[in-house]
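A quick write-up on the structure given underneath.
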Protein chains: 2
Amino acid sequence: MGKIVIKRQSLTEQIKSILIDRIIAGTLNPGDRLKELQIAEEFGTSQAPVREAIRSLQALGYVEHLPHVGAQIKTFSQKEIEEAHQVREALEGHSLILANVEIETLVEELNKHTKTMHQAMSENNNATFSMADNLFHRTIVESSGNKQMLSIWDSLRMQLQVIATIVEAATPLDKLYALHPPIVASLKRKHRENAGRFLAEHYREIGTYWDTLS
Amino acid sequence: MGKIVIKRQSLTEQIKSILIDRIIAGTLNPGDRLKELQIAEEFGTSQAPVREAIRSLQALGYVEHLPHVGAQIKTFSQKEIEEAHQVREALEGHSLILANVEIETLVEELNKHTKTMHQAMSENNNATFSMADNLFHRTIVESSGNKQMLSIWDSLRMQLQVIATIVEAATPLDKLYALHPPIVASLKRKHRENAGRFLAEHYREIGTYWDTLS
DNA sequence: CACCCTCATATTATCGATAATAGATAAAGG
DNA sequence: CCTTTATCTATTATCGATAATATGAGGGTG
């Protein structure tokens, strides 16, 4: 029966998602402090669920927590961002080898995303481009059929989203776009190792752009 | 001055480490429930720090939490263990490519661990073997100079420690041992790609042993 | 002026108590 | 005898209040 399930979410969960939304939306910026009681007052709750929400944001890598001092939205050093890129490259590269699904299906889906990128590029729509770019890479990891791998990949999203926006604002989208079709093309020919090489090339280039910016 | 710093750790931290110790030591087994008030009573604290400690164990992947039901030590399915292996292979493989340190130094350290393994093997000391095996692989990831990669690798320890013990108890240590020297040998000749291949071989074999056991 | 205290203040960490919930058990109805 | 509904119980989730702590301001001292 199509009974509507009203999911009673705990306060902690609700607060957590609101805070995450704010971080992603940029209402909360890196460096901002999260004061438990202040937030509690805003939501009309006690300190406890806010505190728990913050701790769980910490586990997700959104905030940094110092004992007896408090939490603040995490700022990412250049080194950390480089590291995150390397981890992603490792995961994506290995996913290409594992790829469980039909290569055809994977290629098709990847093509969908490159098309979106292409479209966004011609409209100079950075937000859409960024999203499609993200989905492209996520699709690769998804194809491994390894949930943990995907969840780890996702956990790095926060750090990289920041820089992605910056890089994509400062770099010609066509150059970024051009890094993707070769990967798909290699896959289409079932040359997984080659696809891996183009993936490495992709990350090498991103690194270069990032370096020139910072 | 050599003044001894008594680190005043928060109750949460203390409880957390005690619980982790118990999980690793096997005092707490997969499936066991963690009841907040019961643990609180044992430690003579209130519910709050226990609850926080448990949530942080959850973040670390040691326990599973169900709303309004509670937490229990996580049990790992075969699928999850396989996934964890794949993630480790991805990270180690990419670390071999990144390896920042002098290859010589790396080779030397890896040799140290293979020697320990060899020694433990001849004494049929599974515990030592397992530890050296672990260190061997951890050293590889460490050599990448990527802290996040190492910390993710570490986070998979829990799941794999369980199976490592089982596999190593049931598989001739010499077969397991034999999988490592080729990796070092390739590295010594600066053939990183080859080293990667032997690493893949290593994980393939472990997977085989694991399959026959379950 | 630099340094080391002391104290005030803002905020986290912890407490003990209560409310809310899931799951088990018993009762009711067909 | 089975199914559904009500009640009970163990436990988590949340509350409001208090204790403990870090940080910064001021004030004294060399």
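None of the values given here were measured: they were computed from a predicted structure. Computed over heavy atoms, backbone and side chain alike; hydrogens, waters and symmetry mates excluded.
Side-chain atoms of B:Gln148 and A:Glu82, non-hydrogen and from C-beta on, never get closer than 4.5 Å to each other.
Between A:Phe43 atom CZ and D:dG16 atom C1' the separation is 19 Å, expressed in whole Å. What separates CZ of B:Arg33 from C1' of D:dT12 is a distance of 9 Å, to the nearest Å. Put simply, CD on A:Gln72 is 13 Å from P on C:dT11, counting in whole angstrom units. Summarising the geometry, the separation between NE2 on B:His65 and C1' on C:dA22 is reported as 12 Å, rounded to the nearest angstrom. In this structure, the CD atom of B:Gln9 is 16 Å from the C1' atom of C:dT14, given to the nearest Å. One interatomic measurement links the two molecules: NZ of B:Lys35 to C1' of D:dA13, which rounds to 17 Å at whole-angstrom precision. For the pair B:Glu36 CD and C:dT14 P, the interatomic distance rounds to 15 Å; values are reported in whole Å. Separating the CD1 atom of B:Ile15 from the C1' atom of C:dA13 is a distance of 12 Å, rounded to the nearest angstrom.
A side-chain donor-acceptor contact under 3.5 Å links A:Gln47 and A:Glu36. A donor and an acceptor atom, one from each side chain of A:Glu92 and A:Trp153, are located under 3.5 Å apart.
Of the side-chain N and O atoms in A:Ser10, none sit less than 4.0 angstrom from OP1 or OP2 of D:dT12. Using a 4.0 Å cut-off, no side-chain N or O of B:Thr45 falls inside it from OP1 or OP2 of C:dT14. In this model, the phosphate group of C:dT12 is not approached by any side-chain N or O of A:Arg51 to a distance below 4.0 Å at OP1 or OP2.
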Hey, what are the protein-to-nucleotides 22-25 of chain D N/O distances that come in under 3.5 Å?
none

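The base of D:dA13 lies outside donor-acceptor range of the side chain of A:Glu52, with no N or O pair under 3.5 Å.
Under the 3.5 Å distance criterion, the side-chain polar atoms of B:Glu80 are matched with a main-chain donor or acceptor of B:Ser77. The closest donor-acceptor contact from the side chain of B:Ser130 to the backbone of B:Ala127 lies at 3.5 Å or more, if one exists at all. With hydrogens and angles ignored, the 3.5 Å screen pairs a side-chain donor or acceptor of B:Glu83 with a backbone N or O of A:Lys147. Between the side chain of B:Glu52 and the main chain of B:Thr12, no donor-acceptor pair closer than 3.5 Å is present.
Across all strands shown, A:Leu34 has heavy atoms under 4.0 Å from sugar-phosphate atoms exclusively, and none from any base. Among the protein residues, A:Leu37 comes within range of the nucleic acid bases, having at least one heavy atom under 4.0 Å from a base atom. Using a 4.0 Å heavy-atom cutoff across all strands shown, A:Gln47 reaches at least one base atom of the nucleic acid.
With sequence neighbours excluded, no residue forms a side chain to side chain donor-acceptor pair (under 3.5 Å) with A:Lys35.
With ring centers used as reference points, B:His180 lies under 6.0 Å from B:His137.
If you find the closest nucleotide of DNA chain C to A:Ala71 and to B:Gly44, the one lying nearer the 5' end belongs to A:Ala71.
Each end of the helix from C:dC1-D:dG30 to C:dG30-D:dC1 gets its own axis from five base pairs, and the two axes differ in direction by 10°, given to 10 degrees.
To the nearest 0.5 Å, the span separating OG on A:Ser143 from CG on A:Leu98 amounts to 8.0 Å.
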